[in-house]
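We count residues from 1, following the sequence as given. Scope of the values below: all heavy atoms of this structure, side chains included, with no hydrogens, waters or symmetry mates.
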Amino acid sequence: MQLLKLMKRAGVEAVDTASPMKTLIGTVTSIEPLVITIEQRLAIPASFLLLTDNVIDEEVEITVDDEVEQSGSLEPHKHGYIGKKTHIHHKNLKVGEMVLLLRVQGGQQFIVLNRVVSA
């Protein structure tokens, strides 16, 4: 019986070695601290997650070259506006969102690639 179990485990490990990464769908079940649940039973805490730019807030500096035209209650005016401006793209994960995970070889860490939605 032990030999059979060893042979099964060796087979599973051989398959895992052949495909070192696996994609999974998870659901965000907590934000503070971040927890993502896969297969409705395995809760992955933040210490095992690596986040990409797609799922975290991002500060972006843009260059503006435009005109501003104001009318209404203020003195009407029009002028050019040229310069740099910083925007924050709010992309942090929210509870209930589904995400695409990539399990890193060995299964100890998961990369959160992006959000996914049902078609």
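The minimum heavy-atom distance between Met98 and Ser118, with the atom names listed, is CE-OG, 3.8 Å. Asp53 and Lys91 make their closest contact through O-NZ, 3.0 Å (heavy atoms, listed as atom of the first residue, atom of the second, distance). The two residues Arg103 and Phe110 come nearest to each other via the heavy atoms CG-CE2, 3.4 Å. Across all non-hydrogen atoms, the minimal contact from Asp57 to Asn92 is N-OD1, 2.8 Å. Closest approach of Val35 to Ala43, counting heavy atoms only: CG1-CB, 3.8 Å.
Ile82 and Val68 end up in different hydrophobic clusters when Ile, Leu, Val, Met, Phe, Trp and Tyr side chains are linked at under 4.5 Å. Residues Leu93 and Leu42 share a hydrophobic cluster, clusters being chains of Ile/Leu/Val/Met/Phe/Trp/Tyr side chains in contact below 4.5 Å. When the side chains of ILVMFWY residues are joined at heavy-atom separations under 4.5 Å, either directly or via intervening members, Val104 and Val55 end up in two distinct hydrophobic clusters. No path of Ile, Leu, Val, Met, Phe, Trp and Tyr side chains, each step under 4.5 Å between heavy atoms, connects Leu50 with Val28, placing them in separate hydrophobic clusters. Under a hydrophobic-cluster definition in which Ile, Leu, Val, Met, Phe, Trp and Tyr are linked whenever side-chain heavy atoms come within less than 4.5 Å, directly or via other members, Val64 and Ile88 are assigned to different clusters.
Counting non-hydrogen atoms of neighbouring residues, nucleotides and ligands closer than 6.0 angstrom, the NZ atom of Lys8 reaches no more than 12 such neighbours. Glu59 CD: 12 or fewer foreign heavy atoms inside a 6.0 Å radius.
Between Ile25 and Val116 there is a side-chain heavy-atom pair separated by less than 4.5 Å.
With rounding to the nearest 0.5 angstrom, the NE2 atom of His89 is 7.0 Å from the CD atom of Glu58. If you take CD1 on Ile62 and OG1 on Thr86, they are separated by 8.5 Å, rounding to the nearest 0.5 Å. The distance from atom CD1 of Ile31 to atom CD1 of Ile36, rounded to the nearest 0.5 Å, is 8.5 Å. The line from CG of Asn114 to CG of Leu51 is 11.5 Å long, rounded to the nearest 0.5 Å. Between Ile38 atom CD1 and Thr27 atom OG1 the span is 10.0 Å, to the nearest 0.5 Å. Here the OG1-CD1 distance, from Thr52 to Ile111, works out to 8.5 Å after rounding to the nearest 0.5 Å.
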> After noting the C-alpha distance and the side-chain angles of Leu101 and Leu113, does the key distance pass the side-chain contact (heavy atoms from CB on, under 4.5 Å) rule?
Replying inline: CA-CA 6 Å; Leu101 301 164; Leu113 296 173; over 6 Å; no
> Which is it for Thr37 and Thr29 under the side chain to side chain donor-acceptor pair (under 3.5 Å) test, yes or no, and what are the steps along the way?
Replying inline: CA-CA 6 Å; Thr37 301; Thr29 51; 3.1 Å; yes
>> Apply side-chain contact (heavy atoms from CB on, under 4.5 Å) to residues Phe48 and Gln108 and explain how you reach the verdict.
In response: CA-CA 6 Å; Phe48 294 97; Gln108 295 298 311; 3.9 Å; yes
>> With side-chain contact (heavy atoms from CB on, under 4.5 Å) as the criterion, how do Val95 and Glu97 come out once you've worked through the C-alpha distance, each side chain's angles and the decisive distance to 0.1 Å?
In response: CA-CA 6 Å; Val95 171; Glu97 288 184 315; over 6 Å; no
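The main-chain N or O of Leu100 is never found under 3.5 Å from a side-chain atom of Arg115 such that the two would form a donor-acceptor pair.
Remark: aromatic rings of His77 and His79 are close, center separation under 6.0 Å.
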